[in-house]
S.K.: 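Okay, handing you the structure first.
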2 protein chains.
Amino acid sequence: MVDGLRTTFTNKQHSVTISRELPTVMIGERINPTGRKKVLAAFQAGDFEIVKTDARAQVEAGARVLDVNAGVPGGDEVDLLPKVVQQVLSVVDIPLCIDTANPDALEAVLKIYEGKPLINSVNGEEKSLDTVLPLAKEYGAAVIGLCMDDNGIPASPEGRLAVAEKIIQRTTRLGIAIEDIVIDPLAMSLGADTKAGRVTLGATKLIAEEFGVNMTLGASNISFGLPDRKMLNAGFLILAIQAGVTCPITNPLVSEIRTAILSADLALGRDDYAARWIKNYRSAKKA
Amino acid sequence: MVDGLRTTFTNKQHSVTISRELPTVMIGERINPTGRKKVLAAFQAGDFEIVKTDARAQVEAGARVLDVNAGVPGGDEVDLLPKVVQQVLSVVDIPLCIDTANPDALEAVLKIYEGKPLINSVNGEEKSLDTVLPLAKEYGAAVIGLCMDDNGIPASPEGRLAVAEKIIQRTTRLGIAIEDIVIDPLAMSLGADTKAGRVTLGATKLIAEEFGVNMTLGASNISFGLPDRKMLNAGFLILAIQAGVTCPITNPLVSEIRTAILSADLALGRDDYAARWIKNYRSAKKA
């Protein structure tokens with residue numbers, strides 16, 4: 001296995017480094033109107049109080065990067081996304097993950113963002129590579145690469161490794177450092193196919209071993225259509241971290257998720273003196 | 001990685017097969033007076049009702065093998081252990097794991113046991129190898145091999161692999177099939193040394209890859225001296241299963257443990273149609 005790479009994101013004043021030798025970094029997923037009617041309605045009304053509350057709460061719960069998505073149906077993302085980013089940064093002082101499928105909205109944020117954000121995301125489709133990577137290069141951002149391309153999402157670990165390789169080649173060819181690529185092997189629903197977890201975990205392991213890149217995952221897809229979702233997501237995240245995921249996109253407000261990630265870090269020797277484990281236990285007792 | 005081996009234990013009428021392609025088998029740990037004053041007092045008084053209750057409850061909660069230990073300080077284990085085994089088998093019809101450091105007590109049970117039990121345990125010490133292995137051979141039992149020898153418990157994964165190799169060599173040289181050896185890489189307290197988990201998981205992976213043997217683990221040691229033990233044990237078990245543990249010795253009555261094991265099985269593609277996951281959820285809702 002190659003050595004694990006170190007990826008650093010920054011905002012104006014602070015940085016977060018991600019590496020398999022360091023504690024897992026939670027990227028908070030909550031600032032996203034998808035499936036959250038209250039957030040959607042607030043965005044449409046130009047009300048950002050809920051965004052600020054969500055930002056503060058996630059950071060207090062241990063998120064060290066926040067994903068920011070403003071994809072409102074019929075909304076003007078080019079106008080809205082930079083506003084949401086500014087609102088978030090007015091209350092929390094951590095690096096952001098800019099989550100949009102709209103290249104104009106992405107560039108509007110990159111123009112105002114002070115520091116080095118994470119772009120969510122590029123994928124192996126030609127159109128995506130041609131649009132997103134030059135922006136990442138121009139603004140010095142890191143970028144999440146999704147393991148799918150013009151043929152869809154490969155059904156095998158080896159197929160996803162091949163897409164990761166293609167994204168890494170295209171990115172580094174532009175002069176972006178391999179450290180600045182974070183691969184997402186994609187988690188699919190175990191409810192639809194009980195072999196889906198094995199494919200995702202197998203891909204994670206292959207990609208981590210081959211390239212040493214940092215890896216992310218939106219683990220909650222895995223439990224779609226199944227009961228007891230929190231516990232399943234938590235268990236899957238533990239496996240994903242062992243396989244090579246270093247910065248999952250998740251909900252830090254769910255105690256099962258937070259505790260699962262901390263247990264994996266402690267068991268894998270990434271929590272010196274069990275300090276974070278004990279701190280989480282004490283905070284939970286107080287709450 | 002070599003293919004995973006299949007190990008089968010039996011009692012008079014039934015068998016349980018353990019393999020990394022099949023769901024994880026929980027070996028119930030509760031029939032053990034160590035640290036359980038009520039059980040200790042009952043054993044001393046010749047009262048086995050608590051044993052029967054524990055046996056039934058563990059099997060109802062999903063244990064498919066039961067560990068049986070009758071190590072009472074000052075007690076006559078040679079007399080007591082066969083009695084406890086008979087009491088257990090009078091209420092549950094599954095294979096047993098005979099847990100004793102006393103070779104006479106072990107032989108007393110092997111003489112009356114109908115089927116192929118699991119012996120807990122042999123280790124790499126010369127005295128242990130010379131005493132336990134001939135009994136396993138004579139009575140056709142499978143045997144747990146602990147990764148420690150006359151020099152103690154090795155501090156590195158490679159050291160534990162070497163002890164496993166020694167036990168496997170000595171066992172197979174006697175004509176016992178390698179399938180009938182179940183290796184325990186030993187879990188030490190993360191409270192004492194936060195690198196302990198990494199050593200155990202590393203050893204598990206090395207041994208599983210090198211020999212393909214089934215592996216067990218008493219995961220609860222890992223959390224000794226730390227808070228929130230159930231969640232830490234649960235998280236560690238998930239990692240251990242991914243690394244190669246196929247039949248942990250654990251407490252199936254703890255829902256966090258049971259759910260963690262089921263989440264790992266589902267995520268690793270060992271729970272077709274998520275049937276066991278859904279069944280556990282429904283039982284928990286009813287309870």
Side-chain angles (χ1 to χ4, degrees), chain A residues 21 187 189-202 204-205 219 222-223 225-243 255-256 258-285, chain B residues 21 187 189-202 204-205 219 222-223 225-243 255-256 258-285:
Chain A
E21 298 302 317
S189 166
L190 282 164
D193 172 9
T194 41
K195 300 297 177 207
R198 202 185 264 209
V199 174
T200 300
L201 295 168
T204 304
K205 214 172 149 224
I222 210 85
S223 61
L226 289 169
D228 209 359
R229 295 190 63 175
K230 286 177 190 174
M231 292 308 293
L232 185 54
N233 291 345
F236 188 74
L237 262 174
I238 291 175
L239 294 170
I241 289 168
Q242 188 172 33
S255 73
E256 290 88 343
R258 211 167 55 231
T259 304
I261 292 174
L262 289 169
S263 77
D265 280 348
L266 176 52
L268 292 168
R270 299 174 190 171
D271 183 6
D272 291 339
Y273 309 106
R276 300 168 75 240
W277 179 260
I278 292 166
K279 191 181 161 198
N280 180 60
Y281 173 73
R282 288 190 181 144
S283 315
K285 263 188 88 174
Chain B
E21 299 301 317
S189 166
L190 282 164
D193 172 9
T194 41
K195 301 297 177 207
R198 204 185 262 210
V199 174
T200 300
L201 295 168
T204 304
K205 215 172 146 223
I222 211 86
S223 60
L226 288 169
D228 209 359
R229 294 190 63 175
K230 286 178 190 174
M231 292 308 291
L232 185 53
N233 291 345
F236 187 75
L237 262 174
I238 291 174
L239 295 170
I241 289 167
Q242 188 172 34
S255 73
E256 290 88 343
R258 211 168 53 231
T259 304
I261 291 174
L262 289 169
S263 76
D265 279 349
L266 177 52
L268 292 168
R270 299 175 191 170
D271 183 6
D272 291 340
Y273 310 106
R276 298 169 76 241
W277 179 260
I278 292 166
K279 190 181 162 200
N280 180 60
Y281 173 74
R282 287 190 181 146
S283 315
K285 263 187 88 173

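Just the heavy atoms: all of them, side chains too, but no hydrogens, waters or symmetry mates, feed the values below.
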S.K.: Look up atom CD1 in B:I238 and atom CG in A:L237, then write down how far apart they are to the nearest 0.5 Å.
M.R.: 10.0 Å
S.K.: Can you tell me which portion of B:Y273 sits under 4.5 Å from chain A's heavy atoms? Options are side chain, backbone, both or neither.
M.R.: backbone
S.K.: Can you tell me how far the CG atom of A:D228 sits from the NZ atom of B:K285, to the nearest 0.5 Å?
M.R.: 10.5 Å
S.K.: For A:L226, is it the side chain, the backbone, both or neither that has a heavy atom under 4.5 Å from a heavy atom of chain B?
M.R.: side chain
S.K.: Chain B: which of A:A260, A:G269, A:G197 shares the most heavy-atom pairs with it under 4.5 Å?
M.R.: A:G269
S.K.: Could you tell me which of A:V199, A:T200, A:L268 has the largest number of non-hydrogen atom pairs under 4.5 Å with chain B?
M.R.: A:L268
S.K.: Taking all non-hydrogen atoms of both residues, which atom of A:Q242 and which atom of B:A243 are closest, and how far apart?
M.R.: NE2-CB, 4.2 Å
S.K.: What part of B:A274 gets closer than 4.5 Å to chain A, counting heavy atoms only: side chain, backbone, both or neither?
M.R.: both
S.K.: Given salt bridge (Lys or Arg N to Asp or Glu O under 4.0 Å), test B:K195 with A:D271 step by step and report yes or no.
M.R.: CA-CA 9 Å; B:K195 301 297 177 207; A:D271 183 6; over 6 Å; no
S.K.: Given the options A:I261, A:I241, A:L266, which has more heavy-atom pairs under 4.5 Å with chain B than any of the others?
M.R.: A:L266
S.K.: Compare every heavy atom of B:S263 with every heavy atom of A:G235, then report the nearest pair and how far apart it is.
M.R.: CA-OG, 3.5 Å
S.K.: What pair of heavy atoms forms the shortest contact from A:W277 to B:P227, and how long is it?
M.R.: NE1-O, 2.9 Å
S.K.: For B:M231 and A:T259, work out which heavy atoms get closest and say how close.
M.R.: CB-CG2, 3.8 Å
S.K.: Can you name the closest pair of heavy atoms from A:L239 and B:A267 and give their distance?
M.R.: CD1-CB, 3.5 Å
S.K.: Suppose we screen for side chain to side chain contact (heavy atoms under 4.5 Å, CB included). Which residues come up paired with B:S255, at least two apart in sequence or across chains?
M.R.: B:R258
S.K.: Measuring heavy-atom distances to chain A, does B:I222 have an atom under 4.5 Å in its side chain, in its backbone, in both, or in neither?
M.R.: neither
S.K.: With sequence neighbours excluded, what pairs up with B:T204 under the side-chain hydrogen bond (donor to acceptor under 3.5 Å, both in side chains) test?
M.R.: none
